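Here it is, the structure in full.
For clarity, every value in this text was computed on a predicted model and none was experimentally measured.
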Amino acid sequence: MRAITFGAGTTGTAVPEKYTFAKASETATFVSQNKLLDMVTKAAELRNDAGLARLLEVAPPVISKIRHKRLPVGATLAISITEVTNLSIADITAILAGQVAA
């Protein structure tokens, strides 16, 4: 896998204690889940969700289910995102908690 770096758009701030990854993922809105997937897609210069699925080594329906709020962003997918980007779990949690502006 190739490493993807983000520009000056990452949070850089600590997530408050009340937002654990599990809670943020569980309560994530439709917009915040899509924002996370869009950020990874844009950073990787991918054209569609099929390319994102290949990059994260998941089946394409998994990305579709996350986009349509039928499946939360799980720990395994979050780890895959950290492996291919420079986003930390804290950054992913902040995005899912809605603390990062577009």
Side-chain angles (χ1 to χ4, degrees):
M1 290 186 181
R2 62 183 174 154
I4 300 164
T5 57
F6 282 87
T10 58
T11 61
T13 60
V15 177
E17 281 300 313
K18 66 179 185 173
Y19 287 111
T20 62
F21 174 77
K23 180 158 177 79
S25 179
E26 190 177 290
T27 61
T29 64
F30 174 78
V31 174
S32 63
Q33 285 188 335
N34 282 331
K35 186 184 299 183
L36 174 64
L37 296 178
D38 290 342
M39 287 177 75
V40 175
T41 301
K42 185 177 179 181
E45 298 176 357
L46 300 172
R47 294 182 2 205
N48 53 33
D49 285 346
L52 179 62
R54 283 189 295 276
L55 179 71
L56 298 176
E57 298 178 355
V58 297
V62 171
I63 302 296
S64 178
K65 287 177 183 178
I66 291 170
R67 284 219 183 260
H68 292 95
K69 193 75 173 104
R70 284 182 253 146
L71 187 68
V73 175
T76 306
L77 187 63
I79 291 170
S80 294
I81 291 171
T82 62
E83 288 176 350
V84 298
T85 66
N86 70 343
L87 285 176
S88 67
I89 295 295
D91 290 337
I92 294 169
T93 302
I95 294 166
L96 292 176
Q99 298 176 342
V100 177

Heavy atoms only: give me the nearest Phe21-Ala78 pair and the separation to one decimal.
->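 Closest pair (atom of Phe21, atom of Ala78, distance): CZ-CB, 3.7 Å.
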
Starting at CD1 of Ile63, measure out to CG of Asp49 and round the result to the nearest 0.5 Å.
->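 Ile63 CD1 to Asp49 CG: 6.5 Å, rounded to 0.5 Å.
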
Excluding sequence neighbours, so at least two apart, what forms side-chain hydrogen bond (donor to acceptor under 3.5 Å, both in side chains) with Thr29?
->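 With neighbours one apart ignored, the set is Ser32.
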
Would you indicate whether the side-chain heavy atoms of Leu36 and Ile66 approach each other to under 4.5 Å?
->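 No; the side chains remain at least 4.5 Å from each other.
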
Expected output: side-chain Ser25 to main-chain Val73 donor-acceptor under 3.5 Å |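 Answer holds: yes.
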
With sequence neighbours left out, write down each residue that passes side-chain contact (heavy atoms from CB on, under 4.5 Å) with Ala50, or none if nothing qualifies.
->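 By the side-chain contact (heavy atoms from CB on, under 4.5 Å) rule, Ala50 matches Asn48, Arg54.
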
Do Leu87 and Ile95 come within less than 4.5 Å of each other through their side chains, counting heavy atoms only?
->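 The answer is yes, as the side chains (C-beta and beyond) meet within the 4.5 Å cut-off.
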
Quick one: list whatever passes side-chain contact (heavy atoms from CB on, under 4.5 Å) with Lys69, sequence neighbours left out.
->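 For Lys69 the side-chain contact (heavy atoms from CB on, under 4.5 Å) partners, ignoring immediate neighbours, are Phe30, Gln33.
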
What is the distance from atom CD1 of Ile81 to atom CG of Asn86, rounded to the nearest 0.5 Å?
->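 Ile81 CD1 to Asn86 CG: 12.5 Å, rounded to 0.5 Å.
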
side-chain contact (heavy atoms from CB on, under 4.5 Å) partners for Arg70, two or more places apart |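 For Arg70 the side-chain contact (heavy atoms from CB on, under 4.5 Å) partners, ignoring immediate neighbours, are Lys65, His68.
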
Those residues that, when tested against Thr82, pass side-chain contact (heavy atoms from CB on, under 4.5 Å) (two or more places apart) =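 Result, side-chain contact (heavy atoms from CB on, under 4.5 Å) vs Thr82: Ile79, Ile89, Ile92.
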
For Thr41, which residues count as a side-chain hydrogen bond (donor to acceptor under 3.5 Å, both in side chains) partner, sequence neighbours excluded?
->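 Partners of Thr41 under the side-chain hydrogen bond (donor to acceptor under 3.5 Å, both in side chains) test: none.
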
